[in-house]
Novice: 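One structure, pasted below without further comment.
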Amino acid sequence: QVHLVESGGGSVEAGGSLRLSCTLSGYTGSNVCMGWFRQAPGMEREGVAAIRTNGGGTFYADSALGRFTVSEDISKNTMYLQMNSLKSEDTAMYYCVEGPSTWRSCLSSLSSEARYWGQGTQVTVSS
């Protein structure tokens, strides 16, 4: 059984930083996509950043470029999302997602082929 557990959410003022963590338990394969999606109240869910594991590349939504960094620590089975220069519009529930690695970008493949989701961690940015 695969489980994804997020942590690191919280409340921060605009311009501040947070680092989210997602720890995966259970075996999913050596080359997969993992990513971060978010959903604010009344809004559609959107992909923020993703990584193809084992050095396969990173992928970002335009809203995250230059501010967010996704990374992995394979030894800890953990993915991170470093979020800097946070804005009020970043306020949302953030979910960790895992899915197969395909020929498409991981953000694209996870949008339609995600296999596992975490419970989510809330990020609130006050202006």
Novice: Holding to salt bridge (charged side-chain N to carboxylate O under 4.0 Å, His left out), I want the full list of residues that pass it with Glu113, two or more places apart in sequence or in another chain.
Specialist: Arg104

Novice: Is the distance between the ring centroids of Phe37 and Trp117 under 6.0 Å?
Specialist: yes

Novice: Can you pull out every side chain to side chain donor-acceptor pair (under 3.5 Å) where at least one residue sits in residues 1-13? Sequence neighbours excluded, please.
Specialist: none

Novice: Hey, does the side chain of Ser101 reach the backbone of Asn31 with a donor-acceptor pair shorter than 3.5 angstrom?
Specialist: no

Novice: Looking just at side-chain N and O atoms, do Thr23 and Thr78 make a donor-acceptor pair shorter than 3.5 Å?
Specialist: yes

Novice: Counting distance only, does the side-chain N/O of Thr121 pair as donor-acceptor with the main-chain N or O of Gly9 below 3.5 Å?
Specialist: yes

Novice: Which pairs would a plain distance check flag for residues 54-61, meaning a side-chain donor or acceptor within less than 3.5 Å of a matching protein atom at least two apart in sequence or in another chain?
Specialist:
residue, atom, partner, partner atom, Å
Asn54, ND2, Ser30, O, 2.1
Tyr60, OH, Val70, N, 2.9

Novice: Does any N or O in the side chain of Ser109 come within less than 3.5 Å of the main-chain N or O of Cys106, such that one atom is a donor and the other an acceptor?
Specialist: yes

Novice: Can you tell me which residue pairs pass the salt bridge (Lys or Arg N to Asp or Glu O under 4.0 Å) test with a partner in residues 117-127, sequence neighbours excluded?
Specialist: none

Novice: Which residue pairs pass the disulfide bond (SG atoms under 2.5 Å apart) test when at least one of the two sits in residues 71-103, sequence neighbours left out?
Specialist: Cys22-Cys96

Novice: Keeping the roles fixed (side chain from Arg52, backbone from Thr102), state whether a donor-acceptor pair exists under 3.5 Å.
Specialist: yes

Novice: Could I get the full list of salt bridge (charged side-chain N to carboxylate O under 4.0 Å, His left out) partners for Arg67, not counting sequence neighbours?
Specialist: Asp90

